[in-house]
Amino acid sequence: MAELALYNTFSRKKEIFTPADPNRVTMYVCGPTVYNLAHIGNARPVVVFDTLNRVLRSRYPNVIYARNITDIDDKIIEAARSAGTDIKDVTDEFTAKYREDMGNLNTLIPDIEPHATDNIGPMLDLMERLLAGDHAYVAEGHVLFAVDSMAEYGQLSGRSLDDMLAGARVEVASYKRHPGDFVLWKPSSDDEPGWESPWGRGRPGWHLECSAMIKAHLGDTIDIHGGGRDLIFPHHENERAQSCCAYGGEFVRYWMHNAYLDMDGEKMSKSLGNVRTVRELLQSYRGEVLRFALLSAHYRSELTFSESLLDNAKSALDSFYSALRQVADTAPEAVEASETAVAQALLDDLNTPQAIAELHAVSKRLNKAEEAAIPRLKGELLAAGKLLGLLQHDPVDWLTSGLSSGSGEGLSADEIEGQIAARAAAKADKDFAAADAIRDALASAGIVLEDSAAGTTWRRQ
RNA sequence: GGCUCGGUGGCAGAGUGGUUAUGCAGCGGAUUGCAAAUCCGUCAACGCCGGUUCGAUUCCGACCCGAGCCUCCA
């Protein structure tokens, strides 16, 4: 079997992926803090690691993919306060919407979705160990991690404590022994959510949950830990510090981080008003179009997100589905996804642009294939598409149905078929002016006609 | 200021020490009543300056420009 190469943030190079236990491959990806809707930037790691999950599953018999739900955080508290509702209402609502939105991007459901609030026990255990090992201390109701207790702190993000101090631009709380120390546990006031602990009623700091949940659900060492680039520091650096100091041994074998996407060359930010939620985009584009767009750049490169990117993604998918519609009556041959050129491309650190190029190549061969070659090529296109989480819709449905939202459906299929029949009659009478008038009318309603020897097919633009 | 990563044809976006990425757009052709779709062909790129080399977009150095991180932002 060809080897899978992955870029490891820790070593800063591509490495051949060899799981610690080929019969139990483990991957943990940082999930959402559930206090608002996921935007398209949030969706990038979800789609990227979903694709990696698919590749891993095509190679290993047992893959355990965990993605957490962070349901306790100061931003959630704030969101609930300003909405005048309960925290649970906020987290339930946005957890459900997150699952729905990500499902629409055709992502497989993770094997485990641990919630932070269900794992307070493991967090308390983790802190006890850190305190016992002198890696943490208690100050003014807080439990803090002592960064200078770890010689190699900063190794993942490639920065030294001195570097960090040189650039410090944040006020340091007086109870910290070292300015780089971070909070493991903080006290809660009566109107804030909290749990009893040996250090008083409080709640976890940002990084604690992931270390505790990885330990509780996946074990001491995991194969892959993923997330957005911005998480390298401080989040993953601190997770690593917590886990390594509490449990010793190797924590994560391969660290993977995706780059940002930018909106038409600008950073997506609330102040620029260019934040686009997945939910909003799904009003105008099907989830598979968003997924294709997100995969059209390599995950470690910045992706320029724009309307034209989405339009291109839609055209590409339309052409694949058109190729499949042409051969709808031919049964595909069973093709092993791992034997396709698309799989080869993905094995090289998830080179999705190359994989998409290979998809185009297969589609092109299918378009001009002789009868005997069709089953094999169709099978290849479908199997390769599945590895990318694409092309699994019925081609006719894809090309003729409107958006899933149901809005702007326009003409019904029956009406369109009726017009096509009328046009065929006009053409038979050599009344091309009438035939073209029908075609133009349909075109302005967003319906494209395609004539062939076998008859006329249509699709929505 | 510190650390990190980039600058590829009109646009998006891979890759490589010497030979076409790919897609969209453009141009020419086949096909079509005309189109659309499809197919064939075609144009066009590697920030700037040096260095290494028989040869550099690819390696090295300087410079210019851009992006990200530097305590809760994917």
Side-chain angles (χ1 to χ4, degrees), chain A residues 9 12 29-33 38-49 70 73-75 147 154 157-160 162-173 176 179-183 205-207 226-235 237-238 257-262 265-270 292-293 296-306 308-309 311-313 315-316 318-319 322-323 325-326 345 348 351-361 363-364 366-368 427 430-433 435-436 439-440 443 447-453 456-459 461:
Chain A
T9 305
R12 288 182 205 155
V29 175
C30 286
T33 299
H39 58 65
I40 188 66
N42 294 316
R44 190 174 192 191
V46 178
V47 168
V48 164
F49 290 104
T70 296
D73 181 277
D74 287 1
K75 280 175 301 195
V147 289
S157 53
R159 53 188 86 195
S160 69
D162 291 343
D163 288 343
M164 288 181 236
L165 292 184
R169 59 181 190 195
V170 175
E171 231 177 282
V172 177
K176 287 188 180 180
D181 291 351
F182 56 92
V183 171
W206 180 28
H207 318 295
R229 236 204 230 328
D230 57 312
L231 295 180
I232 296 171
F233 190 89
H235 186 52
E237 189 70 68
N238 290 350
H257 297 93
N258 61 278
Y260 273 51
L261 56 82
D262 63 72
E266 282 187 313
K267 180 184 166 138
M268 183 163 52
S269 76
K270 278 181 187 163
F292 188 97
S296 65
H298 183 87
Y299 76 93
R300 281 189 288 111
S301 296
E302 281 177 10
L303 168 63
T304 310
F305 200 81
S306 65
S308 76
L309 175 73
D311 293 340
N312 275 340
S315 310
D318 282 352
S319 83
S322 292
R325 176 163 69 173
Q326 290 289 110
D348 181 16
N351 191 335
T352 52
Q354 182 63 41
I356 288 171
E358 299 293 354
L359 225 45
H360 282 290
S363 175
K364 180 165 283 193
L366 180 58
N367 272 328
K368 52 181 174 178
K427 276 173 67 176
K430 303 280 184 208
D431 186 354
F432 295 118
D436 289 351
R439 186 172 64 198
D440 291 347
I447 309 299
V448 181
L449 301 189
E450 289 165 10
D451 292 341
S452 76
T456 299
T457 55
W458 61 278
R459 64 186 162 87
Q461 208 158 29

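In what follows, chains carry the letters A, B, and so on, assigned in the order in which the sequence lines appear, proteins first and then strands, with residues in each chain numbered from 1. These numbers come from the heavy atoms of this one structure, side chains and all, not from hydrogens, waters or symmetry mates.
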For A:His235, what residues pass the ring pair (Phe, Tyr, Trp, His ring centres under 6.0 Å) criterion, not counting sequence neighbours? A:Trp206, A:His207
With a 3.5 Å distance limit and no angle check, can you tell me whether A:Ser306 reaches the backbone of A:Leu309 through a side-chain donor-acceptor pair? yes
Check nucleotides 26-29 of chain B for protein N or O atoms closer than 3.5 Å to its own N or O atoms and list the pairs.
none

Taking A:Leu359's backbone N and O only, do any of them form a donor-acceptor pair with A:Ser363's side chain (distance below 3.5 Å, no angle check)? no
Nearest listed nucleotide, side chain of A:Lys176, among B:rA74, B:rU71, B:rG2: B:rU71
Looking at A:Val147, is its backbone amide N or carbonyl O close enough to the side chain of A:Asp181 to form a donor-acceptor pair, meaning the two atoms are under 3.5 Å apart? yes
Could you spell out the base pairing of RNA chain B in dot-bracket, with Watson-Crick or G-U pairs whose two distances are under 3.5 Å, [ ] crossing and | to another strand? (((((((..(((.....[...))).(((((.......)))))....(.(((..]....))).))))))))....
Would you say A:Thr304 places a side-chain N or O within less than 4.0 Å of OP1 or OP2 belonging to B:rG13? yes
Return whichever of A:Asp348 or A:Phe432 has its heavy-atom-nearest nucleotide of RNA chain B closer to the 5' end. A:Asp348
For the pair A:Glu302 (side chain) and A:Tyr260 (backbone), establish whether a donor and an acceptor sit closer than 3.5 Å, ignoring hydrogens and angles. no
Categorize A:Ala297 for me: base, sugar-phosphate, or nothing, with a 4.0 angstrom heavy-atom threshold over every strand shown. sugar-phosphate
Side chain of A:Ala357 (C-beta onward), nearest among B:rA21, B:rG33, B:rA74: B:rA21
Closest approach to the side chain of A:Arg12, judged atom by atom: which nucleotide of B:rC70, B:rG23, B:rU4 is it? B:rU4
Neighbour count above 12 (heavy atom, 6.0 Å) for A:Glu358 CD: yes
With rounding to whole Å, what would you report as the distance between B:rG26 and B:rA35 at their P atoms? 15 Å
Sequence neighbours left out, what passes salt bridge (Lys or Arg N to Asp or Glu O under 4.0 Å) with A:Asp348? Give chain and number order. A:Lys14
Among B:rG23, B:rA21, B:rC69, the one nearest any side-chain atom of A:Arg159 is B:rC69
According to a strict under-4.0 Å criterion, is A:Asn312 in side-chain N/O contact with OP1 or OP2 of B:rC24? no
Report which part of the nucleic acid A:Ser296 touches: base, sugar-phosphate, or nothing (heavy-atom distance under 4.0 Å, all strands). sugar-phosphate
Base, sugar-phosphate or nothing for A:Ile232? Non-hydrogen atoms, less than 4.0 Å. nothing
Among B:rA74, B:rG13, B:rA12, the one nearest any side-chain atom of A:Leu309 is B:rA12
Distance, C1' atom - from B:rG47 to B:rU32, rounded to whole angstrom: 46 Å
Using a heavy-atom cut-off of under 4.0 Å over every strand shown, decide if A:Thr33 touches base, sugar-phosphate, or nothing. nothing
Taken in chain and number order and not counting sequence neighbours, the residues that satisfy salt bridge (Lys or Arg N to Asp or Glu O under 4.0 Å) with A:Lys176 are none
Per-nucleotide protein contact string for nucleotides 34-44 of chain B, where B marks a base within reach and S marks sugar-phosphate only (heavy atoms under 4.0 Å, - for neither): BBBSSSS----
What's A:His39 touching, base or sugar-phosphate or nothing? Going by heavy atoms closer than 4.0 Å. base
Looking only at the side chain of A:Tyr260 (C-beta and beyond, no hydrogens), which of the listed nucleotides B:rA14, B:rC70, B:rG68 gets closest? B:rG68
